[in-house]
**Student:** 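Following this message is one structure expressed as structure tokens.
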Amino acid sequence: MITDKGGIDRRIRRTKRNLQSAFILLLNEKDYYRITVTDIVTRGDYNRATFYRHYQDKESLVQDLINIILEDLIKSFRYPYKNKKWLSVDSLSSSNVIIFYHILDNANFYRLWKDSEGVPGFQTQFINTLIQLHKNDISNYANPDMDMDDELFITYRAYGVWGLIINWIKSDFQIPVEDMTDQLIKILNYHPASRYKLNHF
């Protein structure tokens, strides 16, 4: 019998992780709304009493899972400037941008968005997290000479990052992480031309 607090905490984390993994596996087989607590405990080889010791319902399990994913996303986003007061976007390198490693580390979860919505509401929470990170951590987002609304610029960038990730998921992560990182850095540093060549058909 485990009596020390550290052992109990580890056992609780392991049980929660296994229940979450069972839920993710089920999402590959059926729609989110058709998954029940019984499905989860059966797939995870637990009983309902064990489930309800840790979660009130399916939705509380899902939110716990999302919180874990978003906490790791925040750490990944902040990695390039975790010990800095200033960060120059044009000085970013693929070695200090790790957001795509975050995606790969949680590939079983993110892969759910390849063909469907995955977990309802997660996309909104992901984008809102990026928006809040920009607002709380970074100033001078847009070029001041462009007379651009900062909030609109941040929203545009957050949706752009999500779109890049979705495209990568739909390709089954075929593009190497380093190449995805290089492309993200180039996009962040891109300044559009003031004139465009038009192709007429």
Side-chain angles (χ1 to χ4, degrees), residues 13 16-17 20-21 23-24 27 32 59-114 116-144 146 148-192:
R13 288 196 299 270
K16 285 186 171 184
R17 186 166 58 246
Q20 292 165 7
S21 296
F23 169 73
I24 290 172
L27 272 173
Y32 171 88
E59 285 68 29
S60 62
L61 178 151
V62 172
Q63 192 56 56
D64 188 29
L65 171 60
I66 289 175
N67 289 342
I68 291 169
I69 296 290
L70 294 180
E71 285 173 12
D72 192 59
L73 169 69
I74 290 169
K75 290 179 183 176
S76 300
F77 182 92
R78 286 176 167 163
Y79 183 81
Y81 60 89
K82 61 180 180 178
N83 296 316
K84 299 179 180 179
K85 289 185 177 180
W86 299 94
L87 176 68
S88 176
V89 176
D90 57 9
S91 70
L92 286 172
S93 66
S94 57
S95 63
N96 57 22
V97 176
I98 64 170
I99 191 169
F100 292 105
Y101 286 106
H102 157 77
I103 303 299
L104 276 188
D105 287 344
N106 298 282
N108 287 340
F109 178 80
Y110 281 101
R111 193 176 278 116
L112 297 170
W113 275 262
K114 181 179 178 183
S116 66
E117 183 185 11
V119 177
F122 174 75
Q123 174 181 324
T124 299
Q125 293 189 59
F126 181 99
I127 291 171
N128 286 342
T129 298
L130 289 185
I131 289 173
Q132 288 305 312
L133 280 166
H134 276 84
K135 287 182 177 180
N136 296 338
D137 292 9
I138 304 172
S139 59
N140 298 325
Y141 317 100
N143 186 332
M146 295 178 67
M148 185 181 295
D149 184 287
D150 270 351
E151 185 147 354
L152 292 177
F153 181 75
I154 295 168
T155 302
Y156 165 81
R157 177 168 284 181
Y159 274 93
V161 172
W162 175 251
L164 199 63
I165 290 169
I166 287 295
N167 187 67
W168 194 41
I169 294 168
K170 290 182 180 296
S171 75
D172 284 325
F173 309 108
Q174 290 183 10
I175 304 172
V177 171
E178 294 77 10
D179 291 349
M180 290 298 299
T181 302
D182 287 341
Q183 288 301 309
L184 176 60
I185 292 171
K186 288 176 181 177
I187 290 170
L188 294 177
N189 281 287
Y190 175 69
H191 300 291

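Model, not experiment: these values are computed from the prediction.
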**Student:** Check the surroundings of atom OH in Tyr32: do more than 12 heavy atoms from other residues, nucleotides or ligands lie under 6.0 Å from it?
**Tutor:**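 Counting other residues, nucleotides and ligands, OH of Tyr32 exceeds 12 neighbours.
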**Student:** When rounded to the nearest 0.5 angstrom, what distance separates OG1 in Thr155 from NE2 in His134?
**Tutor:**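 Thr155 atom OG1 to His134 atom NE2 measures 10.0 Å (nearest 0.5 Å).
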**Student:** Decide side chain to side chain contact (heavy atoms under 4.5 Å, CB included) for Phe126 and Tyr110; before the verdict, give the C-alpha distance in whole Å, the side-chain angles of both, and the deciding distance to 0.1 Å.
**Tutor:** CA-CA 11 Å; Phe126 181 99; Tyr110 281 101; 3.5 Å; yes
**Student:** Could you tell me if the side chain of Val97 sits less than 4.5 Å from the side chain of Tyr79, heavy atoms only?
**Tutor:**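 Counting from C-beta outward, Tyr79 and Val97 never come under 4.5 Å.
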**Student:** Indicate the atoms forming the closest heavy-atom contact of Gly118 with Leu27, along with that distance.
**Tutor:**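 The pair with the smallest heavy-atom distance is O-CD2, 4.3 Å.
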**Student:** Flag the pair Ile166 / Gln123 as yes when at least one side-chain heavy-atom distance between them is below 4.5 Å, and no otherwise.
**Tutor:**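 Ile166 does not reach Gln123 side chain to side chain.
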**Student:** If I compare all heavy atoms of Leu133 with all of Ile74, which pair ends up nearest, and what's the gap?
**Tutor:**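 Distance-wise, the nearest heavy atoms are CD2-CG2, 3.9 Å.
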**Student:** Does the plane of the ring in Phe77 sit parallel, tilted or perpendicular to the ring in Tyr81? Use 30° and 60° as the thresholds.
**Tutor:**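 Perpendicular.
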**Student:** Is atom NZ of Lys75 surrounded by more than 12 heavy atoms (other residues, nucleotides or ligands) closer than 6.0 Å?
**Tutor:**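 Counting other residues, nucleotides and ligands, NZ of Lys75 stays at 12 neighbours or fewer.
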**Student:** If I take atom CD1 from residue Ile69 and atom CG from residue Leu65, how far apart are they, to the nearest 0.5 angstrom?
**Tutor:**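 Rounded to the nearest 0.5 Å, the CD1-CG separation comes out at 5.5 Å.
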**Student:** Which heavy atom of Phe23 sits nearest a heavy atom of Val62, and at what distance?
**Tutor:**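 Result for this residue pair: CZ-CG2, 3.5 Å.
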**Student:** Under the side chain to side chain contact (heavy atoms under 4.5 Å, CB included) criterion, do Leu130 and Trp162 qualify, and how do the steps go?
**Tutor:** CA-CA 9 Å; Leu130 289 185; Trp162 175 251; 5.7 Å; no
**Student:** Run Phe173 and Arg111 through side chain to side chain contact (heavy atoms under 4.5 Å, CB included) and show every step you take.
**Tutor:** CA-CA 9 Å; Phe173 309 108; Arg111 193 176 278 116; 3.5 Å; yes
**Student:** Going from CD1 on Ile66 to CG on Leu61, what distance comes out if it is rounded to the nearest 0.5 angstrom?
**Tutor:**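 Interatomic distance, Ile66 CD1 to Leu61 CG, rounded to 0.5 Å: 10.0 Å.
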**Student:** Among Ile165, Ile175, Leu104, whose side-chain contact (heavy atoms from CB on, under 4.5 Å) with Met180 holds?
**Tutor:**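 Single pass found, and it is Ile175.
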**Student:** Within the distance-only criterion (no hydrogens, no angle test), does the side chain of Lys170 pair as donor or acceptor with the backbone N or O of Lys114 below 3.5 angstrom?
**Tutor:**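 Such a contact is found between Lys170 side chain and Lys114 backbone.
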**Student:** Assess the residue pair Asn106 and His102 against the criterion (side chain to side chain contact (heavy atoms under 4.5 Å, CB included)); give the C-alpha distance rounded to whole Å, side-chain angles, the decisive distance to 0.1 Å, and a yes or no.
**Tutor:** CA-CA 6 Å; Asn106 298 282; His102 157 77; 3.4 Å; yes
**Student:** To the nearest 0.5 Å, how far apart are CG in Asn67 and CG in Asp72?
**Tutor:**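 Reported value, rounded in 0.5 Å steps: 12.5 Å.
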**Student:** Is there side-chain contact between Phe122 and Leu112, with at least one heavy-atom pair below 4.5 Å?
**Tutor:**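 In short, these two side chains do not touch, never coming nearer than 4.5 Å.
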**Student:** Rounded at 0.5 Å granularity, tell me how far OG in Ser76 sits from CD1 in Ile99.
**Tutor:**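 If we round to the nearest 0.5 Å, Ser76:OG and Ile99:CD1 are 7.0 Å apart.
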**Student:** To the nearest 0.5 Å, how far apart are OG1 in Thr181 and CD in Gln183?
**Tutor:**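 Between Thr181 OG1 and Gln183 CD, I get 10.0 Å after rounding to 0.5 Å.
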**Student:** Quick check: do Asp179 and Trp168 have side-chain heavy atoms less than 4.5 Å from each other?
**Tutor:**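 The answer is no, as the side chains (C-beta and beyond) never meet within the 4.5 Å cut-off.
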